[in-house]
Protein chains: 2
Amino acid sequence: MPMSKLKESLDFPRPLTTVDGVVFAIRDDALHVLLVQRAAGEGEPFPGSWALPGGFVDTVRDNSLEACAIRKLKEKTGVVSPYLEQLGSWGSATRDPRGWSATHAYFALLPAVPTRDQHAADAEWFAVTAGRVKPKLAFDHGDILQAAIQRLRSKVEYTSLPAYLMPQEFTLPDLQRVYEIVLDRVLEKSAFRARMLAADLIEPLARMRKGPNRPAQLYRLKKAKSPVYFARTFNPPG
Amino acid sequence: MPMSKLKESLDFPRPLTTVDGVVFAIRDDALHVLLVQRAAGEGEPFPGSWALPGGFVDTVRDNSLEACAIRKLKEKTGVVSPYLEQLGSWGSATRDPRGWSATHAYFALLPAVPTRDQHAADAEWFAVTAGRVKPKLAFDHGDILQAAIQRLRSKVEYTSLPAYLMPQEFTLPDLQRVYEIVLDRVLEKSAFRARMLAADLIEPLARMRKGPNRPAQLYRLKKAKSPVYFARTFNPPG
DNA sequence: TGAATAGTGTCTTTCAGACAGTATTGG
DNA sequence: CCAATACTGTCTGAAAGACACTATTCA
């Protein structure tokens, strides 16, 4: 058997390659993340544990990592085009009992959905409280979720990312509430409004949201807006 | 042959798994990146092209992706513990002619080194001018380099990352110069100094840097400092 | 003394924080 | 009218920009 340098490289045992998604949405006034329960089949790692939705890259069906992430998301949630961003990759000899494995983690934001669910039967939304989720997750998915929450929090300080968590029509108090939910602290109303309106991110609709009190202006996202970066963070608590 | 769900998953054809590094340093008053020239062996993709240093994950020697990145860096540059951060991953069916491949890209900052080189013979420093490097790179390494430059620029706006590009001892004008090189625009001296001194990032030494004019205070990084995040960016040019 | 670079001070601008005050609905 | 929430205005403070000014060296 010839051992050219090339042959050697390609003969390396190859790590398992997977993609996982951290899908966030606001439900019932709290940040939630979508998890799936692992099958209990023979030889399955972490049977019955909750895990991030994901799976093996399929070199036939998936043309790229992102395509794979989109496919997995669609299979698990039925959602087509949410905000999707790469979070990072986690790879080691020990993270999967089946062998050396590397996962590519993506991070998705879904608009708030009405209480009727649109996710698959084996998937469930879990509230993120105090930066954690109740069940212990399979693999190193707890670490990945931690990183995703941190990234979300950090970006919310200085970007318009929460806009992707909003339904099509929303009011400025709604949007502020979502910022506050993610950051877990209250923000100043007037500064918040000034920043959002200056960002050229949203546009008012002709209609108002009626309620038991003064109606609020409805807005929607401007078309095809990628996230806006602000020059300052909201003043951190310290 | 039994085809349990598990068996099916593990029987997926596995993508090639590699790690690549984007190594930055300041040399001759300009941002440089370290590239290696690809071998010209038979069947080698992109023979003779310049590429980012990297290679296949070795499931025996490498316990994790980061360990692999550190090993590759050491092999190519001889450097042990620079600033290392994951940049992202790139994977697709077409990026490597040898098959479906995914690379995990890391991003490293080296302190400015004296002109005598410490890199391997087949590696060379290339100046980054106008956000580009002269040679056309192998694979999608041009894209990866672009992303790395963008990440570096973006972070330099609001973090103390350039501190990792400095030699052990440096003056505030030196540090400002490095910020200016990376951002490719001049900064205000007094605002820059105020920000850096307020960041509790550096400490003065007893000595001064002598020159043909007024001596400058020498500083060094405080011990074990992870990067500092500022609450504002430097005011962007627009 | 003058050139050159290091470093400080001062005024202005910008924008967030605080918070009071006004507006508009339903009951 | 009152409660409740939407929205605006005004003052203050922190930090950056602009830029002039002083400080310290060598030639």
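Just so we're on the same page: letters track the sequence lines, and every chain starts at 1.
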Sugar-phosphate, base or nothing in reach of [X], heavy atoms under 4.0 Å:
X	value
Pro173(B)	sugar-phosphate
Thr171(A)	nothing
Lys189(B)	base

### Task
State, to 0.1 Å, how close Leu35(B) and Trp50(B) come at their nearest heavy-atom pair, and which atoms those are.
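Shortest heavy-atom contact: O-CZ3, 3.7 Å.
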Let's see if you can work this out: which of [options] has an atom nearest to the side-chain heavy atoms of [X]?
X	options	value
Asn213(B)	dA16(C), dA4(C), dT25(C)	dA4(C)
Glu188(A)	dG17(C), dG9(C), dC15(C)	dG17(C)
Arg214(B)	dC7(D), dG7(C), dA16(D)	dG7(C)

### Query
So does Gln150(A) have more than 12 non-hydrogen atoms from other groups sitting under 6.0 Å from CD?
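No, not enclosed.
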#### Entry: Electrostatic pair Glu157(A):Arg185(A) at N-O distance under 4.0 angstrom
yes
Figure out the [atom1]/[atom2] separation between [X] and [N], and round it to whole Å.
X	N	atom1	atom2	result
Met208(B)	dT24(D)	CE	P	9 Å
Arg232(B)	dG13(D)	CZ	P	15 Å
Leu172(B)	dA23(D)	CG	P	19 Å
Leu197(B)	dA16(D)	CG	C1'	15 Å
Tyr219(A)	dC7(D)	OH	P	6 Å
Gln176(A)	dA16(C)	CD	P	13 Å
Arg207(A)	dT24(C)	CZ	P	20 Å
Leu175(A)	dT5(D)	CG	P	18 Å

### Task
Check whether any side-chain nitrogen or oxygen of Arg195(B) sits under 4.0 Å from OP1 or OP2 of dA16(D), and answer yes or no.
yes
### Message
Whether Arg193(B) contacts dG7(C) is assessed here as follows: a side-chain N or O lying under 4.0 Å from the phosphate OP1 or OP2. Is that the case?
### Response
yes
### Message
For a quick check, tell me whether the side chain of Ser190(B) and the base of dG9(C) share a donor-acceptor pair closer than 3.5 Å.
### Response
yes
#### Entry: Nearest-nucleotide comparison on DNA chain D, the residue closer to the 5′ end among Ala194(B) and Pro215(B)
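This one resolves to Ala194(B).
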### Query
Between Ser92(A) and Ser64(B), is a side-chain hydrogen bond (donor to acceptor under 3.5 Å, both in side chains) present by the stated rule, with each step listed?
CA-CA 4 Å; Ser92(A) 77; Ser64(B) 68; over 6 Å; no
### Task
Check step by step if side-chain hydrogen bond (donor to acceptor under 3.5 Å, both in side chains) holds for Glu85(B) and Tyr83(B).
CA-CA 7 Å; Glu85(B) 160 183 330; Tyr83(B) 176 79; 2.4 Å; yes
